[in-house]
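Read through the structure below, which is laid out as structure tokens, and then see the notes.
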Amino acid sequence: MGCLLTVGRIFCVVVNLLFLIIGLILFAVGLIVKFGDSLLKSYYQPIIDSLEKSLQDAGYSNATLDFSLSDIVGNLALAFILTGLFLLILTIFGLGGACCKVKCMLIIYVVMLSTVLAGQIVFIIIFYAKQELISDKIKDNLKPAIQTDFQGLNGTNVVSLSWNFVNQQVKCCGVDSYSDFTGASQWIINYSGYTLQTPLSCCKELPSSGDFSCASSPTDATNYWKTSCFDELWNKVIGNVAITATVLAVGAAIQLLLIIVEFVMFMDVRKNKVDMKG
């Protein structure tokens with residue numbers, strides 16, 4: 001039993017050190033995205049310059065887009081920061097319990113990890129069996145903002161800047177397609193003598209002259225008009241559903257093993273204290 005507990009303690013330490021590294025990475029990335037916009041500016045500045053050039057060609061002289069990546073993905077950055085902090089706190093209890101045999105830290109760790117595992121199992125079931133429950137909910141939250149707030153290439157609000165940036169960076173057009181922009185209340189489609197069918201940011205090459213036919217008469221050769229931004233991002237982030245579900249299942253199995261090992265250590269510490277009192 002003593003040998004198994006030692007092996008289990010080593011396993012807990014190694015896995016929690018891995019959690020610690022992941023937590024530090026997530027926390028650092030979140031801070032950089034949230035507060036270090038200047039560090040990331042070189043990544044997206046060429047796209048902003050192209051958007052401004054197209055605006056100037058359309059007659060908007062001295063057009064300047066006040067683009068800040070942190071404003072657009074602020075909630076995602078905050079999620080990274082909070083997730084990183086949670087993992088750091090979790091590893092403190094995990095390492096403290098495994099290395100120092102602190103009874104309260106062991107039980108808090110088991111409770112915290114059990115809660116995470118329960119939520120993860122629910123997510124895996126939904127993700128694998130009813131993926132559309134997740135994807136459709138996200139889409140339903142994205143489309144109304146386009147209809148009410150998208151202003152086109154010259155828009156300076158968060159929704160306009162976000163979609164112009166995403167369309168160009170991800171090489172897509174709208175949540176599902178260009179039709180998501182049709183009827184947008186603030187989008188002016190009569191643009192320098194052209195009637196736009198898609199936002200200019202959906203063009204494969206942003207116009208460098210007064211010719212905006214890539215958006216007024218879009219084709220597969222000139223425009224991303226039929227390419228779903230959601231599907232493109234979903235495939236980049238999630239990828240193959242079977243592989244992702246397998247990775248999540250393996251992660252859940254490791255967490256379950258951690259819970260069992262830490263609980264056994266808790267019971268061992270408790271038993272030893274009872275024996276000492278006896």
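Screening Asn167, Asp180, Val175 for a side chain to side chain contact (heavy atoms under 4.5 Å, CB included) involving Cys229 leaves a single residue, Asn167.
Val14 is not connected to Leu87 by any chain of hydrophobic side-chain contacts under 4.5 Å among Ile, Leu, Val, Met, Phe, Trp and Tyr, and they are in different clusters. Connection of Ile108 to Leu106 is established within a shared hydrophobic cluster, with ILVMFWY side chains joined at heavy-atom distances below 4.5 Å, either directly or through further cluster members. Taken together through direct or relayed side-chain contacts under 4.5 Å among Ile, Leu, Val, Met, Phe, Trp and Tyr, Leu90 and Met265 form part of one hydrophobic cluster. Taken together through direct or relayed side-chain contacts under 4.5 Å among Ile, Leu, Val, Met, Phe, Trp and Tyr, Ile89 and Val111 form parts of separate hydrophobic clusters. Under the 4.5 Å side-chain heavy-atom criterion for ILVMFWY residues, no single connected hydrophobic cluster contains both Ile10 and Leu258.
Between the side chains of Thr219 and Thr222, at least one donor N or O sits under 3.5 Å from an acceptor N or O. A donor-acceptor contact under 3.5 angstrom links the side chains of Tyr109 and Asn16, judged on distance only.
Sparse packing is recorded around CZ of Phe263, with 12 or fewer heavy atoms of other residues, nucleotides or ligands lying under 6.0 Å away. Heavy-atom contacts from other residues, nucleotides or ligands closer than 6.0 Å to CZ of Phe19 number more than 12.
The aromatic rings of Phe150 and Trp187 sit perpendicular, their planes meeting at an angle over 60°, well past the 30° parallel limit.
Interatomic distance, Glu232 CD to Thr227 OG1, rounded to the nearest 0.5 Å: 6.0 Å. Considering CG of Leu200 and SG of Cys214, their distance stands at 6.0 Å, rounded to 0.5 Å. Rounding to the nearest 0.5 Å gives a distance of 5.0 Å between CG of Leu113 and CD of Gln255. Distance CG/Leu88 to CZ/Phe93: 12.5 Å, rounded to 0.5 Å. One distance of note links CZ of Phe80 with CG of Leu85; it measures 13.5 Å at 0.5 Å rounding. Atom CD1 in Ile188 sits 10.5 Å away from atom CG in Leu196 (nearest 0.5 Å).
In terms of modelled atom types and a separation under 3.5 Å, the side chain of Asn164 and the main chain of Gly152 share a donor-acceptor contact. Remark: the backbone N or O of Thr148 is paired with a side-chain donor or acceptor of Gln186 at under 3.5 angstrom. Remark: side-chain polar atoms of Gln168 are paired, donor with acceptor, to backbone N or O of Cys203 under 3.5 angstrom. Without hydrogens or angle criteria, Ser185 side chain to Gln147 main chain gives a donor-acceptor distance under 3.5 Å. Although no hydrogens or angles enter the test, the distance criterion places a donor-acceptor pair under 3.5 Å between the side chain of Asn157 and the main chain of Asp149.
Minimum heavy-atom separation, Val261 to Cys12: CG1-SG, 3.4 Å. Among all heavy-atom pairs drawn from Ala252 and Gln120, the shortest one is N-NE2, 3.4 Å. Nearest heavy atom pair, residue Asn223 against residue Thr198, reads ND2-OG1, 2.9 Å. Ser179 and Ser177 make their closest contact through OG-OG, 2.9 Å (heavy atoms, listed as atom of the first residue, atom of the second, distance).
In this structure the side chain of Val110 never reaches within 4.5 angstrom of the side chain of Phe266, judged on heavy atoms. Using a 4.5 Å cut-off on side-chain heavy atoms (C-beta onward), Met105 and Ile92 make contact. With a 4.5 Å cut-off on side-chain heavy atoms, Cys173 and Phe181 count as touching.
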* Test Ser201 against Trp163 for side chain to side chain contact (heavy atoms under 4.5 Å, CB included), laying out the working first. => CA-CA 8 Å; Ser201 57; Trp163 278 108; 5.9 Å; no

* Report the C-alpha separation of Leu17 and Thr91 in whole Å, then their side-chain angles, then the decisive distance to 0.1 Å, and conclude whether the side chain to side chain contact (heavy atoms under 4.5 Å, CB included) test is met. => CA-CA 7 Å; Leu17 285 175; Thr91 54; over 6 Å; no

* Tell me, with the steps shown, if Ile254 and Phe11 meet side chain to side chain contact (heavy atoms under 4.5 Å, CB included). => CA-CA 10 Å; Ile254 292 174; Phe11 170 76; 4.2 Å; yes

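Pairing of Cys202 with Cys172 by a disulfide is not supported, the SG atoms lying 2.5 Å or further apart.
Applying the salt bridge (Lys or Arg N to Asp or Glu O under 4.0 Å) rule to pairs touching residues 166-178 yields Lys139-Asp176, Lys143-Asp176, sequence neighbours excluded.
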Between side-chain atoms of residues 21-31 and protein atoms elsewhere (two or more places apart, or another chain), which donor-acceptor pairs fall under 3.5 Å?
none

